[in-house]
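Down below is the structure, laid out as structure tokens.
These values consider heavy atoms only, across backbone and side chains, with no hydrogens, waters or symmetry-generated copies. Starting from 1, each residue takes its place in the sequence as its number. Everything numeric in this text was worked out from a predicted model, so none of it was measured.
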Amino acid sequence: MKISKKDTKDLIKQASILSKALPFMQEYAGKNITIKFGGAVMGEKKLSSSFAKDIVLLKQVGINPIVVHGGGPKIKKMLDKLGVKSDFVDGLRVTDEETMNIVEMVLSGSINKEIVMEINKEGGRGIGMSGKDALLAETKKINITNSLKFKNIGFVGKPHKINTELLNWFLKSNLIPVISPIGFDKNYKTFNINADTMSGCIASSVNSERLILLTDVNGVLDKKGNLLTEISVNEVKKLIKNGTISGGMIPKVQTCLDAVKNGVKAAVILNGKLPHAMLLEMFTESGVGTLITA
Ligand code: ADP
Ligand code: MG
């Protein structure tokens with residue numbers, strides 16, 4: 001094969017880009033990184049395989065990724081198909097027993113295994129589990145209470161006890177944990193957990209260096225739609241109160257706040273539709289989404 005001058009130039013450029021990632025790789029080597037793969041970005045085949053490639057690359061260079069996934073759009077599709085109505089309160093799905101069965105089937109059955117196989121296809125070794133496996137996520141029921149409303153939203157919970165034994169075991173191995181946001185309560189009843197909330201609890205439980213929430217928007221946007229590159233705890237509270245942050249973005253920012261309060265170094269919300277969003281975030285100087293630090 002003959003290599004032209006232009007090709008050589010391109011190849012040198014490629015090598016130089018790789019070389020620039022070295023300090024970042026050294027900084028993160030051996031550290032845990034928790035990544036939440038949002039339902040909204042999961043639909044496209046190409047995105048899923050490029051996401052898997054990035055995850056496998058992280059593991060290859062000695063970083064320990066943990067994947068937590070959502071599945072909103074797929075759950076909605078299945079609920080519609082089966083004619084089950086579903087409501088949201090403050091970004092959380094109201095979950096009765098019938099809904100719970102469908103949610104678990106879609107998350108732990110279909111989506112979890114899809115992501116595991118994408119990772120396997122790229123040469124990694126994905127190991128799928130839910131919050132039930134080895135009692136990973138013991139959960140407490142959530143009720144929405146504020147001065148204006150009280151609402152029983154059914155089998156929706158928040159993890160309060162994470163069994164890190166199994167997780168740490170996987171993290172030390174060549175396996176990449178892929179976790180579906182399903183938990184159980186003290187009576188071993190099944191609970192639906194918002195995937196953002198789950199990822200935050202997992203991230204804190206293993207002292208993740210970073211929590212990365214991949215979604216379908218560039219990060220937290222202000223009223224005019226401009227990206228807020230960094231926000232503080234107080235600002236977040238104000239933005240929720242005045243309605244700038246709403247719906248699915250509420251559990252996301254709350255998760256970030258809790259995570260940085262509970263030992264995660266930094267949390268980032270960014271657009272998973274950007275090609276190689278994770279590599280941009282981890283291995284370049286410029287952050288791309290919204291950064292939340294303690
Ligand atoms: P995911 O599947 O990633 O959890 P969600 O739909 O639950 O996605 O949450 C992301 C959505 O939050 C965005 O698509 C957007 O519609 C909504 N959102 C509400 N307020 C904001 C805001 N201030 N900035 C950005 N997105 C927001
Ligand atoms: Mg969501």
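Under the side-chain hydrogen bond (donor to acceptor under 3.5 Å, both in side chains) criterion, D222 pairs with no residue at all, not counting sequence neighbours. K6 is linked by a salt bridge (charged side-chain N to carboxylate O under 4.0 Å, His left out) to D10, counting only residues two or more places apart in sequence or in another chain. Applying the side-chain hydrogen bond (donor to acceptor under 3.5 Å, both in side chains) criterion to S4, with sequence neighbours excluded, gives D7. With sequence neighbours excluded, no residue forms a side-chain hydrogen bond (donor to acceptor under 3.5 Å, both in side chains) with D216. Partners of E122 by side-chain hydrogen bond (donor to acceptor under 3.5 Å, both in side chains), not counting sequence neighbours: none found.
In this structure, K223 places its NZ atom where more than 12 heavy-atom neighbours from other residues, nucleotides or ligands lie under 6.0 Å away. Summarising the local packing, NZ of K113 is surrounded by more than 12 heavy atoms from other residues, nucleotides or ligands at distances under 6.0 Å.
Side-chain polar atoms of D96 and T99 form a donor-acceptor pair below 3.5 angstrom. Side-chain polar atoms of S49 and K121 form no donor-acceptor pair below 3.5 angstrom. Counted by atom type alone, N64 and K59 present one or more donor-acceptor pairs between their side chains at under 3.5 Å. Side-chain polar atoms of N192 and T95 form a donor-acceptor pair below 3.5 angstrom. For the residue pair N242 and T244, a side-chain donor N or O sits within less than 3.5 Å of a side-chain acceptor on the partner.
Between S199 and L213, the shortest heavy-atom distance links the atoms OG-CD2, 3.4 Å. Annotation for N112 and I179: closest pair ND2-C, 3.9 Å, computed over non-hydrogen atoms.
Ion pairing between K189 and E97 holds under the 4.0 Å rule for side-chain N and carboxylate O.
Both I202 and L175 are assigned to one and the same hydrophobic cluster, defined by single-linkage of ILVMFWY side chains at heavy-atom distances under 4.5 Å. Following chains of ILVMFWY side-chain contacts shorter than 4.5 Å, one cannot reach V268 starting from I245, and the two form parts of different hydrophobic clusters.
In this structure, F51 and F37 have parallel ring planes: the angle between them is below the 30° cut-off, well short of the 60° mark.
Screening residues 73-82 for salt bridge (charged side-chain N to carboxylate O under 4.0 Å, His left out) gives K74-E114, K76-D80 as the qualifying pairs, with residues at least two apart or on separate chains.
Under the side-chain contact (heavy atoms from CB on, under 4.5 Å) rule, V206 has a single partner from I33, V264, I162, L171, which is L171.
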